[in-house]
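Below is one structure; the comments refer to it alone.
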Amino acid sequence: MRQNNVSEPIPRSFPQPLLATKFLLPTSSHEIIARPHLLTLLHAGLQQRVILVSAAAGFGKTTLLASWVRSFAPDHPPVAWVSLDAGDNIPFQFWTYVLTALEQCQPGLSHLPFVALHDTPQPSWQAMLTALINGLTQLSEPMVLVLDNYEEITEPAIHALLASLLKHLPPLLCVVLSTRTDPPFSLARLRTQAQILEVRTEQLRATREEMIAFLRGTMNLRFTEQDSQDVDARIQGWWAGMQLEALAFKGRAHPKDLLQAFQGTQPALFEYLVQEVLNRQPEQMRTFLLRTSIFPRLCNSLCNAVLETQDSRLLLEEVERANLFLSSLDQQRQWYAYHPLFAEVLRAQLQQTAPTEVLLLHLRASQWYAAQQMRSEAIQHALQAHEWSWAATLMEQIPSQHLWGRIRDPWLLSWIEQLPREVVRERPRLCLTCAQGLFWIAPPGVTESWVLDARRAWTQVHQREEQARSVRGSHEPGASTLLLGEIAALQAIIVGFYYGDAGATRAFCQEALTHLEGLQGAARLQATFAQAWANFSEGDFERAMQQTQIAWNRIKAEGDHVLEGVYLCEGVWENMMAGKLNQAWQWSQQAIHTIHFLEGHQSALLCWPYTFQAKMLNEWNRLEEAQNMAEQAIQLGEQTELLSFLPVGYTILLQNALSQERWEEARNVSQQLAYVGRVMASPYSVALWSSVDQMRFWLASGDLEQARCWARNLQREAPLASSLAREKQGVAFIRLLLAESQPEYALHLLFPLVERAIVTQRWYNVLEMLLLEVKAYHMQQQRQEAWARLSQAVHLGAPEGYIRCFVDEGPLIAALLSQLREQEHHEEDLPYVETLLRAFKQQPEGQPSHLKNEPSPTLIDPLSTREREVLHLLARGASNQEIAESLVVAAGTIKHHVSNILSKLDVANRTQAVAQARTLGLLSTRE
């Protein structure tokens, strides 16, 4: 068996060192009783995908697995072992430990997954998982991955990814989960496929013979047959109980005393163990045990600092010699850890006897870790000490990063969430960090709330600085104006990207550039991109591209490859909307190449160029390729929960479904778009990306009532600030007018829209509107006008190879093209007309069935009543906190329910869950 040593424990980009001891097999503080029947059972389980060892605390799960691994012959498979704890609930940390453990067993296996995890602007979980599975598929020999203490993991994103890994597990890897509670994802499929071995409490319980052997060996007790039966009935094979009682009664116990100890309920037993184990220690030892129990891991220097003593080394050695559930974590015996159950007893007793001292101990621990430059541990203890100001100060020391980059410390947002909101609101840097971290993944209102808090906090800090300088008679400038520039730059991004308000965007940009200096290059670039978006929202793509070029010059000076990818993606969209498909395709290829070069393979950024390519492939009538590319993009966007991307990605999926007349799929995607629109609460984004195609779907499916409802709501709402978004809404409304046989009104609205689009050279939009004019003129029997507009459209579309914009308008355009072919005077366009006519002939013959419902599949593991309630609220776009308030339960309970729902529906996130629930008939089509 290969040794679980860490040759290179930390990838260069990981913010904190990895603990090598978490990869080592745990050792036992007592003589291990041989359990050959369980070892045989586990060996047989290697032929299956998963081994689940699940039982309550103290039933010997870890000891059994460690013994099993040590029993492997040299030719048995290598074992990757990871001992988990509560600190591993960050997906970034969890998968870093898992990949490192696998890498130790099979060098080179985790290279590509590490790249996706560490070198992207934000981790690409699906890319990491795909690379890992692909790498495991190449294994030439079996391997075992043991995840010990999995009950410590509560993060739904980790559960979802692990469930996906188990679903697609290669045949040569066996995953072993050791846990106090069953994992929150469904195991039903593995059970039905006979691909899981489950070792549970009944199998782990000590047999009467094992119990007698243990108690005889540790306590020198001699049992009568009746004593054996009585003790067995009371202890019921609980290994931890036997260990604790062996310590309490060692050298003096009688079987009757042991029986009396196990009388009563669990709280009584808990109290008994405190009295008979802890309180029997000398006062100095008892004090040491209680006060050091707050550490998951402890060392001499840490204990000295927290206890304000100098003799911790001697006490640690004494605790270890006394078998007080203390284990050494390294060969040098520098770091130790208590047995988890014993530590729980100690912490509970400490909280009961000295609650105020607990906070002081955590504060001292935080200060010690801070002095050792171990920021993560320092912050966690500061939070447990309720030293909010000190914790916030430590968090502010974490360097900031630009909007498109991953926050340098992946725990930062979760730490900030633990601070009281009023503490965060006093810290403009922390408020800004929250806004930056949530921009791409949260509704714009959430981000905007944080950035407004940042500005208010900055104003208060600035006023206090001014007052202090006035008192001192000093005139030196304050340093906070730079931060104000960063705040204004982010506000410009929010207003430009989510609201399309060009005026407000430019005002924020001007403010940002006034305050920012050379060191704020990333923030200055944000302002430049926001200026481009302001021009874009007004439909002035030419000026937008000029602004983007300014950004490119700065990006080259900065040498930031992530921003280079952002710039190229922006260029793709601008060229595409300007009607320059061929140039846009070249830019998209360059964007993909740049991001691949930067990341090694797929990352979150790739969802944007993939989506743009899917749109162009759709336009060129390469529908199967477009579908594959769009699905890849959506998968990336959903895995990374890029809420800002989803309206774009789902719109492309809807376009492709409509082009292929896949009506059921179109309905599902339309519902997804509606759901994302409710969650985002950004009318500008909805209008810009999806309003036209949503209208196309309603009309194609015969849902005129939904289309008219949308039009009525449009009349009641205040006009959007963006002229481009208003144009999109106008085009959608014109389509409804044509469907209702109102060509005159449609033309009246089209004329100014076409004129403005031509002036600003937005040929993509011009082409669509020309074809709508063709249909309107034909309805008015104005054939010559219709042919004239169609001729313009053909001449405009030929150089870039547009196809679907013609074909998707239906058979009328095909008939008119056939007539135009006979009259066409521009011979250079005739081959293009022939191409268009051939595309019409390739159309599927199926017609909308007005979306008949088919029998829905059933869940292997059905949702509970409470889970269904949570699901309905999820479909309305409610957050965990809002659901908790609605159902009058804790937010943590809702988080658990959401995790269960994701697992049972076999999906990775909320958006997918809502879609799958509709497919299964768990939600109505209106939800």
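In this chain, numbering begins with 1 at the start of the sequence shown. What's counted below: heavy atoms across the whole structure, side chains too, no hydrogens, waters or symmetry copies.
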Do any N or O atoms from the side chain of [X] and from the backbone of [Y] form a donor-acceptor pair under 3.5 angstrom?
| X | Y | result |
| --- | --- | --- |
| Q384 | L359 | no |
| T179 | N149 | no |
| S366 | H362 | no |
| E317 | L314 | no |
| S164 | A160 | no |
| E377 | Y369 | no |

Contact between [X] and [Y] at the side-chain level, heavy atoms closer than 4.5 Å - yes or no?
| X | Y | answer |
| --- | --- | --- |
| Y97 | L84 | no |
| L329 | Q334 | no |
| L24 | W81 | no |
| L52 | D182 | yes |
| Y150 | S178 | no |
| Q380 | W415 | yes |
| L419 | M395 | yes |
| E155 | P91 | yes |

Ring pair (Phe, Tyr, Trp, His ring centres under 6.0 Å) partners of W388, counting only residues at least two apart: H386

Check [X] against [Y] and note the closest heavy-atom contact, atom names and distance.
| X | Y | answer |
| --- | --- | --- |
| V423 | A392 | CG1-CB, 4.2 Å |
| V306 | R364 | O-NH1, 2.8 Å |
| Q93 | D88 | NE2-OD1, 2.7 Å |
| A80 | A101 | CB-O, 3.5 Å |
| S67 | L39 | C-CD2, 4.3 Å |
| L139 | L172 | O-CD1, 3.0 Å |

Kindly check if the number of other-residue, nucleotide or ligand heavy atoms within 6.0 Å of CD (Q284) is above 12? no

Tell me, with the steps shown, if H159 and F94 meet ring-ring contact (aromatic ring centres under 6.0 Å, His included). CA-CA 11 Å; H159 296 318; F94 177 90; 8.6 Å; no

Yes or no on side-chain contact (heavy atoms from CB on, under 4.5 Å) for V53 and T62, after CA distance, side-chain angles and deciding distance? CA-CA 9 Å; V53 183; T62 300; over 6 Å; no

Inspect the contact between [Y] and [X] and indicate whether a charged nitrogen and a carboxylate oxygen are less than 4.0 angstrom apart.
| X | Y | value |
| --- | --- | --- |
| E210 | R205 | no |
| K61 | D148 | no |
| R180 | E152 | no |

Hey, could you give me the [atom1]/[atom2] distance between [X] and [Y], rounded to the nearest 0.5 Å?
| X | Y | atom1 | atom2 | value |
| --- | --- | --- | --- | --- |
| E103 | F23 | CD | CZ | 11.0 Å |
| L315 | E318 | CG | CD | 8.0 Å |
| H37 | Q203 | NE2 | CD | 8.5 Å |
| L430 | I416 | CG | CD1 | 4.5 Å |
| L46 | L197 | CG | CG | 9.5 Å |
| I51 | L145 | CD1 | CG | 11.5 Å |

In sequence, state the C-alpha distance, the side-chain angles, and the governing distance for I398 and I379, and then conclude on side-chain contact (heavy atoms from CB on, under 4.5 Å). CA-CA 11 Å; I398 298 175; I379 291 173; 4.2 Å; yes

Would you check, one step at a time, whether the test side-chain hydrogen bond (donor to acceptor under 3.5 Å, both in side chains) holds for T292 with Y338? CA-CA 9 Å; T292 57; Y338 291 116; 2.7 Å; yes

Side chains of S414 and Q418: any donor to acceptor distance under 3.5 Å? no

Check against side-chain contact (heavy atoms from CB on, under 4.5 Å), V176 and L147: CA-CA 6 Å; V176 182; L147 299 179; over 6 Å; no

Distance-only donor-acceptor hits, side chain of residues 293-301, under 3.5 Å, sequence neighbours excluded:
unit_1	atom_1	unit_2	atom_2	d
S293	OG	L290	O	2.7
R297	NH1	D85	OD2	3.1
R297	NH2	D85	OD2	3.0
N300	OD1	N304	ND2	3.3
N300	OD1	R313	N	2.9
S301	OG	W368	NE1	3.0

Quick check on side chain to side chain contact (heavy atoms under 4.5 Å, CB included): which of V175, L161, I196 does L166 satisfy it with? V175

Qualifying residue, where the test is salt bridge (Lys or Arg N to Asp or Glu O under 4.0 Å) with E396 and the options are R375, R427, R429: R427

Could you walk me through whether L350 and L361 satisfy the side-chain contact (heavy atoms from CB on, under 4.5 Å) test, starting with their C-alpha distance in whole Å, then the side-chain angles of each, then the deciding distance to 0.1 Å, before giving a yes or no? CA-CA 11 Å; L350 178 64; L361 294 172; 4.0 Å; yes

